[in-house]
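Contents: one structure, followed by commentary.
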Amino acid sequence: MGKSGLLDLEKHFAFYGAYHSNPINVLIHTLFVWPILFSALIFLHFTPSVCDFSDKVSFLPCGLFGHALVFNLGFLFTLIYASFYFCLDKKAGSLAALLCFACWVGASLLSNRLGFSLAWKVAVAAQLICWTGQFLGHGIFEKRAPALLDNLIQALLMAPFFVLLEVLQVFGYEPYPGFHANVEAKIGAEIKEWQDKKQKKIS
């Protein structure tokens, strides 16, 4: 059964889905959204540590994880994303949370290995490529401005979970019976409302 308020997955999914109804644009986002999160965590790896657990993680192999995993803004953002996804849907949210922490660990290890001078260049290049691809997807295929222009926080927060659910949907998964039917109806209604407003502006 669906939840309400901040944890209303149908509402979040329908909002994001209304901006991503074209299959090619959805594919572009599926390829680029998680790399955007990964490269963002590379940037955040170099933020100051919010707490020092170095004495408490001495069991980690020194030079492999011990000095690479820093409990900084990157970890906090990962924790927020993972917790939110888990609260939205326990099953898919658990997988999304695992992927979030995998991205944090991977980004931390890569950043530690490359060093700041090279890591930020890699992250900038990844961000430019991925964001360019997504804007082209909206301009050429979706023919609608990205969701982040209407609701930046909701769009950025939901994007990774949205593409994961899109992939899981291919394998027949839905958070609860009737979820996809309800969402498709809401997406159709939102798209129609947007088209009507667009038509009024033209006329």
Side-chain angles (χ1 to χ4, degrees), residues 1-22 25-47 50 71-108 123-124 126-135 137-138 142 144-169 173-176 179-180 182-184 186-187 189-191 194:
M1 184 176 178
K3 301 175 182 178
S4 59
L6 183 62
L7 300 179
D8 188 343
L9 182 56
E10 283 188 16
K11 180 181 178 181
H12 289 305
F13 199 85
F15 165 79
Y16 203 83
Y19 293 82
H20 305 86
S21 58
N22 180 275
N25 191 37
V26 171
L27 176 61
I28 290 173
H29 282 67
T30 301
L31 295 175
F32 288 149
V33 163
W34 281 91
I36 287 176
L37 176 61
F38 184 91
S39 53
L41 289 173
I42 291 179
F43 286 123
L44 294 175
H45 174 75
F46 298 101
T47 58
V50 295
F71 293 88
N72 52 16
L73 286 181
F75 175 77
L76 288 180
F77 273 93
T78 300
L79 186 61
I80 291 172
Y81 270 66
S83 301
F84 182 60
Y85 295 156
F86 180 77
C87 291
L88 284 174
D89 177 46
K90 298 295 188 293
K91 293 180 180 178
S94 296
L95 177 58
L98 181 63
L99 290 174
C100 286
F101 280 105
C103 285
W104 173 66
V105 172
S108 298
V124 167
Q127 290 280 326
L128 288 175
I129 292 171
C130 293
W131 280 111
T132 299
Q134 292 193 102
F135 276 104
H138 279 279
E142 194 73 42
R144 183 177 185 181
L148 59 86
L149 297 183
D150 288 335
N151 193 322
L152 178 63
I153 301 299
Q154 187 177 14
L156 293 179
L157 188 59
M158 277 303 298
F161 197 47
F162 174 83
V163 298
L164 177 62
L165 280 179
E166 283 286 340
V167 173
L168 293 177
Q169 182 178 339
Y173 176 78
E174 61 177 351
Y176 49 84
F179 172 81
H180 290 303
N182 294 340
V183 167
E184 286 299 323
K186 291 180 179 179
I187 289 176
E190 289 199 25
I191 292 178
W194 168 71

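Here the shortest heavy-atom pairing between K186 and A14 reads CB-CB, 3.7 Å. Here the shortest heavy-atom pairing between A92 and L168 reads CB-CD1, 3.8 Å. Taking all atoms of both residues into account, the shortest heavy-atom contact from L7 to C87 is CD2-CB, 3.8 Å. When all heavy atoms of T47 and G74 are compared, the closest pair comes out as OG1-N, 4.2 Å. Closest of all the heavy-atom pairs between G17 and I187 is CA-CD1, 3.8 Å. Contact detail for A82 and F101: the closest heavy-atom pair is CB-CE1, 3.6 Å.
Counting non-hydrogen atoms of neighbouring residues, nucleotides and ligands closer than 6.0 angstrom, the CZ atom of F46 exceeds 12 such neighbours. Other residues, nucleotides and ligands contribute only 12 or fewer heavy atoms inside 6.0 Å of the NZ atom of K11.
A donor-acceptor contact shorter than 3.5 Å is absent between the side chain of H20 and the backbone of P146. Of the possible donor and acceptor atoms, none in the side chain of S83 sits under 3.5 Å from a partner among the backbone N and O of I80. Side-chain atoms of Q134 do not come within 3.5 Å of backbone N or O of H29 as any donor-acceptor pair.
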(request) Could you please spell out the steps behind the side-chain contact (heavy atoms from CB on, under 4.5 Å) verdict for N25 and Y19? (result) CA-CA 9 Å; N25 191 37; Y19 293 82; over 6 Å; no
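Here the straight-line distance linking atom CD1 of I191 with atom OG of S21 works out to 4.0 Å at 0.5 Å rounding. Note that OH of Y85 is 7.0 Å distant from CE of M158, once rounded to the nearest 0.5 Å. We find the CD1-CZ distance between I28 and F135 to be 12.5 Å, quoted to the nearest 0.5 Å. Between I129 atom CD1 and L31 atom CG the span is 13.0 Å, to the nearest 0.5 Å. Distance check, rounded to the nearest 0.5 Å: OG of S108 to CZ of F71 gives 9.5 Å. For the atom pair CD (E174) and CG (L9), the distance works out to 11.0 Å, reported to the nearest 0.5 Å.
Side-chain contact between L37 and L99 is absent, with no heavy-atom pair separated by less than 4.5 Å. Taking the side chain as every heavy atom from C-beta outward, D89 and F161 approach each other to under 4.5 Å. Contact of the L44 side chain with the F75 side chain is not registered, since no non-hydrogen atoms from C-beta on lie closer than 4.5 Å.
Two rings, from F179 and F13, have their centers less than 6.0 Å apart. F84 and Y81 have their aromatic ring centers separated by at least 6.0 angstrom.
Considering H12, Q169, E10 as possible partners of V183, the one that fulfils the side chain to side chain contact (heavy atoms under 4.5 Å, CB included) test is E10.
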